[in-house]
Amino acid sequence: MLGEWEGLAGGFRASAVRPLSPHNSRTPHTLSPHGPEVTPSYSSAMSEPVHPEVGSVYGEKPSAPVVDFSYVGIDAILEQMRRKAMKQGFELNIMVVGQSGLGKSTLMNTLFKSKVSRKSVQATAQEKIPKTIEIKSISHDIEEKGVRMKLTVIDTPGFGDQINNENCWQPIMRFINDQYEAYLQEEINIDRKKRIPDSRVHCCIYFIPPTGHCLRPLDVEFMRRLSKVVNIVPVIAKADTLTLEERDFFKQKIREELRANGIDVYPQKEFDEDQEDRMINEKIREMIPFAVVGSDQEYQVNGRRLLGRKTKWGTIEVENIAHCEFAYLRDLLIRTHMQNIKDITSTMHYEMYRVRRLNENNTGAVHSNGLLDHSAHEM
Amino acid sequence: MASTEIARQAGEGARAVPLSGHVGFDSMPDQLVNKSVNHGFCFNILCIGETGLGKSTLMDTLFNTKFEGDPNQHNQPGVTLKSNTYELQESNVRLKLTVVNTVGFGDQINKDESYKPIVDFIDTQFEAYLQEELKIKRTLHNYHDSRIHACLYFIAPTGHSLKSLDLVTMKKLDSKVNIIPIIAKSDAISKSELAKFKIKITSELVSNGVQIYQFPTDDESVAEINSSMNSHLPFAVVGSTEEVKIGNKMVKARQYPWGTVQVENENHCDFVKLREMLIRVNMEDLREQTHARHYELYRRCKLEEMGFKDTDPDSKPFSLQETYEAKRNEFMGELQKKEEEMRQMFVQRVKEKEAELKEAEKELHEKFDSLKKLHQDEKKKLEEKKKSLDDELNMFKQKKTAAELLLNQAQQAGASTTLKRDKERKNFF
């Protein structure tokens, strides 16, 4: 084993590189959470091999500490990054949009396995249809295995509930743009904070009522406008009212309509970076919109307690992929693509907003390097 | 799945909510790390030190490769900075490493300005990043960050104290970059001298108010080792790329007639500590400090210098843009005023010159006239003179002819008389 390392004349260990795809959601991570194995005792004559777990992920774990002369330790930076991320915590802002009664709050609670969203229409309260669309934003601190996250759920009660729903997307557009504006203002401050609080909407889940036919004009209009400023994830709500064939037909219709209207929902085709990305994203694109069922009640099924909906004809298990596609949605949103969603928000949508905003303040021409040219305007 | 339910203190405006099952966002750090791995990392080191302190060798030793690059020419007049970028890969991590060397530092007779090229270089990198950040269409996530993350300051192993050049340079740089002082070629110092040297250096740095980089102690997992390392600063290092056989292994070492200095032996030098701190434990923190502290400071100063200032929170205009507009208008106004002034001055000058020229012309004319008159007067005089001369001449001629006539008459008359006289004379004799 020693020879393998010694043979490299001053080079690095050429271990097989496993392409770290973002989909290793369920594989147990061999990266230890406690940083590189830094042996604190430095008294020995020969240097102890400082061998972080990170470097030996590929199953070549040495049984005894091997003296590796060509190992520098650059890959320890991954561990350092992880530590920093764990310390800082993460932020996620999700917006849910859909008519009332489609199970938005329930779905959020199911996704995050806690009461993060209160149902807007209480059983005992008087039924009151709000005159305008409200935007309600509630934040929660949740933690799992040492990873802290500040989750903000932005609810939009009143969307699509009026008789005349013209321009119902406007308050929502305004809210999203306001968040971008707030971030921009912070960013261009002279004296700015170390970590700018990120209140930008990362993801907007749009609930499509399970009619089984096609998208309604309201859906098309909303998604068309908002897919340009935010990542939209359309889901078919209350999918337990559709049979599998109806579901497939509905999905296909929806996909066709989205394509026909030029609506690019997440994962957007235009942001695919390379072949690998495209392959992964194509698979997802074939499945959207996910047909989901939400529930925050547990039932006993086959000796296990599972989240589900109990009806007279059977129990729908939420996390069973044979029953509904909730698990796919959860995996996409949380376990594999969360970082990607946030990145697209900050590097694509936010930047587009910024360019628009900075340009509208100046009507002058623009240099090739992006800076403004005012002399042209003067002339 | 195990359920996690640590009820935490609520953050600003957020309630802590317990989870009743496994959600899965504990994979977030992994997602973040994966993204970074795909993106690659970059790290920039600046090595400052006098010629011959082993900067290039130490870099080779640290990163275990022979960095290509011809040995630096040491015949430049001033201090120049040479930067080389290398792509390293270890397991799945790709690192773009940039090593900047100061060539000719400390070689000059007058070292007053030695620190300037270094400060300028660091500022240039900050400026480039600032420009990119201020652009309208920018690509920050693909930007190759060239800001200096760590500055290794090589102290000559004199054994006494820091040189004043060192103090001055470090003082100028401590607010711009993370300084890690190291004692170079420390195999020249004995153990006891080394301890005293280190103490002297640390006390000199403290008394001169030089802020060197402190390894962070706020994260529990590395606090202990970092704080112990902080007490070993400055690290006494030895660099070597040659390998020597010790026992049955090849180690990096320097061989002397009296013994062998092993680079990776903790008892011999602090090289392992340096590598540990610089690369394996704190690389990310160095990058973060550079961005969050040094760059922000630079940015703040630069923007304030340009005249921007944050407006108070109740009025929220687009501070940068509006101030820029206002400044631009101001500048344009000034420009126009200046232009007017210049134009007026020009017109005036032209007038003056014209007047001058006219004067000169007039003078010339006058002169010409007077000369002409003079000339005419002279001519007249001369003519008069000539006339009078002619008259005289005529008169003379007349007189002459009259006289000749008379003479002739007289001669005729006198010829006889002369004869008589001659006779008389002859008769006399």
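Just so you know, these numbers use all the heavy atoms, side chains as well, and skip hydrogens, waters and symmetry mates. To find a chain, count down the sequence lines: A is the first, B the second, and so on, and within it residues start at 1.
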Heavy-atom pairs under 4.5 Å with chain A are the metric here; pick the option from B:Leu140, B:Asp285, B:Leu297, B:Asn282 that has the most.
-> B:Asn282

Mind ranking B:Ile279, B:Leu95, B:Leu62, B:Asp60 by heavy-atom pairs under 4.5 Å with chain A and telling me who comes out on top?
->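 Looking at each of B:Ile279, B:Leu95, B:Leu62, B:Asp60 in turn, B:Ile279 comes out on top.
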
Contact origin within [X] toward chain A - heavy atom pairs under 4.5 Å:
X: B:Arg293; value: neither
X: B:Leu32; value: both
X: B:Glu133; value: both

Using non-hydrogen atoms only, which part of [X] is less than 4.5 Å away from chain B: side chain, backbone, both, or neither?
X: A:Glu298; value: neither
X: A:Gln88; value: side chain
X: A:Leu111; value: backbone
X: A:Lys115; value: backbone

Interface check, chain B: of A:Glu351, A:Met352, A:Lys342, most non-hydrogen pairs under 4.5 Å belong to A:Glu351

Where does the angle between the aromatic ring planes of A:Phe112 and B:Phe25 fall among parallel (under 30°), tilted (30 to 60°) and perpendicular (over 60°)?
->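 A:Phe112 and B:Phe25: tilted rings.
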
I'd like to know if [X] pairs up with [Y] as an ion pair, taking the criterion as any Lys NZ or Arg NE/NH1/NH2 lying under 4.0 Å from an Asp or Glu carboxylate oxygen.
X: B:Lys302; Y: B:Glu127; answer: yes
X: A:Lys87; Y: B:Asp219; answer: no
X: B:Lys273; Y: B:Glu276; answer: no

So, do B:Phe41 and B:Lys96 sit near enough that their side-chain heavy atoms are less than 4.5 Å apart?
-> no

One should read off an interatomic distance between A:Met81 CE and B:Glu284 CD, to the nearest 0.5 angstrom, of 4.5 Å

Quick check: are there more than 12 heavy atoms from other residues, nucleotides or ligands sitting under 6.0 Å from OH of B:Tyr143?
->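 Atom OH in B:Tyr143 is packed in, count exceeds 12.
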
